[in-house]
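Working notes, beginning with the structure itself.
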Amino acid sequence: MDQLGDKPTSNTFDILFRRLIAAGLTRQAIQAFDDMERFTKRETDREDFVDLLDTLCKYGYAKVATEVFNGRKFKFEPDTQMYTVMIYGWCKLNRPEVAEKFFREMVDRGFEPNVVTYNVLLNGICRRTVLHPGTHFEGIIQKAENLLDEMQKRGIEPDVTSYSIVLHVYNRAHKPDLSLDKLSLMKEKGIFPTVATYTSVIKCLCSCGRLEDAEEILNEMVANGVSPSPTTFNCFFKEFQGRKHADNALKLYKKMGDLSCTPSLSTYNILVGTFSRLNKMDIVQEIWNDMKESGAGPDSDSYALLIHGLYEKRRWEESCEFVLEMIENGFLPQNITLEKLYKANTDDQDDEEDNLTLIERKEKLEEDNLTLAERKEKLEAASALDRISKTKIAAKKVTSSSLKCASKKIIKSRSKSTNLHLNSGAGKKWTTFAHNGIVLPPPYKPHGVKMLYNGEQVELTPEQEEVATMFAVMKDTEFAAKPKFIENFMNDWRVILGKEHVIKKFHLCDFTPIYDWHQNEKDKKKQLSALERKALKEEKLKEDERYMWAFVDGKKEKVGNFRVEPPGLFRGRGEHPKMGKLKRRIRPDEITINIGKGEPVPECPIPNERWKEVKHDNTVTWLAFWKNPIDPKAFKYVFLDDTSSWKGQSDKDKYEKARLLKDYILDIRANYRKDFRNKDLMKQQISVAAYLIDMLALRAGNEKDDDEADTVGCCTLKVENVSLVPQTNKLEINFLGKDSIKYENTVEVDPLVYKAIGEFKKGKNTGEELFDKLDTYKLNAHLKELMPGLTAKVFRTYNASITLDKLLNSEIMNRNVAEKVVVYNRANKEVAKLCNHQRSEPKSHGAQMLKLRDNIVKLKGVLDGLETNLHRVRKGKAPLQLDADDGKPKKNFTPEILQRKIKLTLDKIEKTERDMDLKKELKTTALGTSKTNYLDPRISVAWCKRHEVPIEKIFNKSLLAKFAWAMDVDPSFRF
DNA sequence: GTGGAAGACTCAGAAAACTACTT
DNA sequence: AAAGTAGTTTTCTGAGTCTTCCA
């Protein structure tokens, strides 16, 4: 509606209306409008009123807007603009009938519609085709045509917008002739078509196979001085690809260059795909070079297209080259690509032993048992050689066997990953380690908005204001209402305010001005156009780029959390005694950097300051650390990302350890069973604790300090957390676990365990420890005697993974992919329940359930009607008109049709009920945690391979990257 | 040999950011 | 076509586990 005229209204009210309406508080917004005069001391005018209507309509409250509109006509004389806004509002709700009603009323009352009014209405009518692909285009087109006619009769000429709207419909309806007609009509009327207009017509013609006509339009367009965009050309290229018109595509590509239209990345990709399918690899090469030169690409799609093209043509060596290049450029090839190539290579094995490549030589060096200095030296030599070999690859002079080896090496490195790190002695994690350090949060920018104390504005220094703002912006969170949070915040803030400051008591503080300012800033950000947002994002990415990567032994690895935590108020979980405390800004002189000796040390980003220390410790994997300001006993670390070799290797080790437990588990279970009655109290407690950890997947339960939230694990369970259900062998377990997540479970246990727990509880107060002779150290020491490296947490991993493995393999085949994914998710859910992984209820859950319930009620109504009609028809009576029939007369209401409809409705009801059950069950279950941390990815990958489920249905992009080490697992893998 | 503190790494849910779909 | 919404992914940082170090 901006075209209807901007006006400078009271800005604050404007924002207020928008926020209220956006929150669905339309009544309050109207109230505020009524109050406006009192506050601004100026009469509200017509423009304010239009603004209110417009905002209501924009947010989909056309009905409310209608009420307001009808109610105030006497005060503000309606006009064309108001009517247009109302029409817009109803069109937006996809109710063009109502919009048309307004339109008629408007005309009847003598208000002349203008071109905007018509366009809004036209758009409203035409958008149905966008929304419902199945709609009858004929009817819509007719209506649109009628409206255009009417417009002209009224003496209003349709503009570019009007034509664009209808052209869009023709496009979707595949009406090239109408499209062409409209175009010539436009020209006749002297309206200049834009690039979008032409592209729209060309797209329509191309998709209907009328390439000659499309080309004509293209020429015309150029002749008229409108430069075609890459999108325009892509219409042609797509069509050429389908028809395998290599020559035409090539010609057009040349033409594109002549017209100095730079192809987009998708242009290049389409062309690469086209020509590699047609086996014109020389042309592909040319296009590839052009793409590189233009800087538009390649992206992973380009590589995939090219590599597959080469592969299909059995040009394995070249495809290997590009896989290498792809990886060098930071794109991860699909594993299927690698596997294919690997197979192709092993099929025609030859004597590669004599032909060791540089890459392999380096690998050999790494595996040899050399001293550190020797290794480093040789590695450096190897990597220099490697660099030369890379240039050779680029120059396409590499021998075939080396390429084979290269592809093999990639695959090998996937499975073997960094075994050498483990084998190469005493805790050494790396030989060379380079990175660019960390990013400190930007300094605080004071906003100068004054908060109120006892109703009066107060002066705050930037430091004081910063802390006040931290609190103010948390107004909407639960924290802001917690007394402990407020107390801790005030204590820390008072220190910064100083003894003499006027601010003393929290209840006299009013932070709303700062809160409002913050909301306003947020709104401003929201208002940014997509383009601006994109630019901003790119800028940030560019700034961060150098910090995102580290080099470990010459290998490029992604850094995880390179941003130092900004200052804020501590948000502990549950009833944390330190919630609300000020988490102060970290200065460089608190930060220790760890980096390879001889590597350039990242410069301290703040002038005249320096790092606390620079270490070269190769037994650890962190890049930087500092003391946690909230808990000085703890540290904050900067590590590599989950996709790194370090993390991947330890992840794999973790699952291998859990798999090892499988071989020991029977013995271990026998072992703890026999100790349930052990006279040695400690041994007895160890056995019972081990039982609970094994059966219920509890955490070990380390001791905690008083200044942490009061949560427990197995070893720290208190008497009050476990009760015996009388006359059974059941335990009722109830405690707060990690992150203050509630664990509630009543479970039948071994009678001996039941008895033992009863004894442990005897003579103790509710708050005392159940396992008083036990801590995690003793428990783990015992477990280690039973299996090397066994600790309590291994049971959780083992039980989670073995459960998934069992559940997945007890299911049958003969289902489609979607159903198989459901099977997987169900298994995943069982594991999440076992591990007690929870999430907070989604905010809209209640509303969503209500909606579903509503749907069921409606469907049941429909069902009733259908059944009544079935009875009537069977008795030979005429069927009743039903609401659900949209007023269309029903001619052939045979019992068969009715029965089918009843069946359909029943199915729908059942499906909705199923949806509701599922939703209810999952509302507080978090599936992700087990997937990322407890389920051996090889189980999932192997299952996907066996059942032909694309792995992307199970793992998202990050998980795919994190689990790269698991992708080449054999399909027969079982945990 | 013990126990507590220091240290390093994994696991965890909330919240922000993004995406796909709807209106 | 643009904005809203529901759902998903990513980021953030708090909260555990377990090892190592040291007196």
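Note that these values count all heavy atoms, side chains included, but never hydrogens, waters or copies made by symmetry. Quick note on labels: first sequence line is chain A, next is B, and so on, each numbered from 1.
For the pair A:K475 and A:Y515, the cation sits on the ring face: its NZ or CZ lies under 6.0 Å from the ring centre, inside 45° of the axis.
Rounded to an integer number of Å, the gap from A:F639 CZ to C:dT11 C1' is 17 Å. B:dG4 atom P lies 14 Å from atom CG of A:D706, rounded to whole Å. Note: CZ (A:R839) to P (B:dG13) measures 11 Å, nearest angstrom. One atom, CG of A:N594, and another, C1' of B:dC9, lie 14 Å apart when rounded to the nearest Å. A:D707 has its CG atom 13 Å from the C1' atom of C:dA15, to the nearest Å. For the pair A:Y777 OH and B:dG4 P, the computed distance is 12 Å after rounding to whole Å. Across the protein-nucleic acid pair, A:E841 atom CD and B:dA15 atom P stand 14 Å apart, rounded to whole Å. Between A:N561 atom CG and C:dG14 atom P there is a gap of 12 Å when expressed in whole angstrom units.
Across all strands shown, A:T711 has heavy atoms under 4.0 Å from sugar-phosphate atoms exclusively, and none from any base. Within the 4.0 angstrom heavy-atom criterion, no nucleotide atom of any strand lies near A:G928. Using a 4.0 Å heavy-atom criterion, one finds that A:K522 contacts no nucleic acid atom at all. A:S650 comes within contact range of the sugar-phosphate backbone alone, with a heavy-atom separation under 4.0 Å but no base atom that close. Within 4.0 Å (heavy atoms only), A:N956 reaches sugar-phosphate atoms of the nucleic acid but no base atom. Looking at heavy-atom distances under 4.0 Å, A:N780 makes contact with sugar-phosphate atoms alone, never a base. If you check every strand for non-hydrogen atoms under 4.0 Å, A:I741 touches sugar and phosphate atoms only. Backbone-only engagement by A:P566 is indicated by non-hydrogen atom pairs under 4.0 Å involving sugar-phosphate atoms exclusively.
When distances run from any side-chain atom of A:A926 to the nucleotides B:dC9, C:dG14, B:dG13, the shortest one goes to B:dG13. Distances were taken from every side-chain heavy atom of A:F635 (C-beta onward) to each of B:dA6, B:dC11, B:dT10; the shortest belongs to B:dA6. Closest approach to the A:R699 side chain among B:dA15, C:dT13, C:dG16 is made by C:dG16 (side chain taken as heavy atoms from C-beta onward).
Applying the 4.0 Å criterion to OP1 and OP2 of B:dG4, one finds that A:K633 has every side-chain N and O outside that range. Between A:K636 and C:dG14 there is a side-chain N or O to OP1 or OP2 distance below 4.0 Å. Phosphate proximity of B:dA12 to A:H837: present, with a side-chain N or O under 4.0 Å from OP1 or OP2. The phosphate of C:dT17 has neither OP1 nor OP2 within less than 4.0 Å of any side-chain N or O from A:K704. For B:dC11, the OP1/OP2 oxygens have no side-chain nitrogen or oxygen of A:T929 closer than 4.0 Å. Here A:K583 reaches the OP1 or OP2 of C:dG14: one of its side-chain N or O atoms lies under 4.0 Å away.
A:Y743 and A:N721 are not linked by any side-chain donor-acceptor pair at a separation below 3.5 angstrom, with hydrogens and angles left out of the test.
Judged by closest nucleotide on DNA chain B, A:K654 is the one of A:R571 and A:K654 placed further toward the 5' end. When each of A:T932 and A:S840 is assigned the nucleotide of DNA chain B with its nearest heavy atom, A:T932 is the one assigned upstream, toward the 5' end. Two residues, A:N702 and A:I630, neighbour DNA chain C, and the one matched to the more 5' nucleotide by heavy-atom proximity is A:I630. Nearer the 5' end of DNA chain C, as judged by each residue's closest nucleotide, is the contact made by A:E565, out of A:E708 and A:E565.
The closest donor-acceptor contact from the side chain of A:K704 to the backbone of A:A709 lies under 3.5 Å. Distance alone, capped at 3.5 Å, is enough to place a donor-acceptor pair between the A:N488 side chain and the A:M579 backbone. Between the side chain of A:K636 and the backbone N or O of A:V564, no donor-acceptor pair lies under 3.5 Å. Looking at A:N628, its side chain never comes within 3.5 Å of a backbone N or O of A:A634 through a donor-acceptor pair. The main-chain N or O of A:T643 is never found under 3.5 Å from a side-chain atom of A:K558 such that the two would form a donor-acceptor pair.
If you run side-chain contact (heavy atoms from CB on, under 4.5 Å) between A:T592 and each of A:W622, A:Y637, A:F635, only A:W622 comes through.
Of the residues in residues 783-796 of chain A, those placing a heavy atom less than 4.0 Å from an atom of DNA chain B are A:K793, A:R796, in numerical order.
Close placement of the A:H576 and A:F570 rings is indicated, their centers lying within 6.0 Å of each other.
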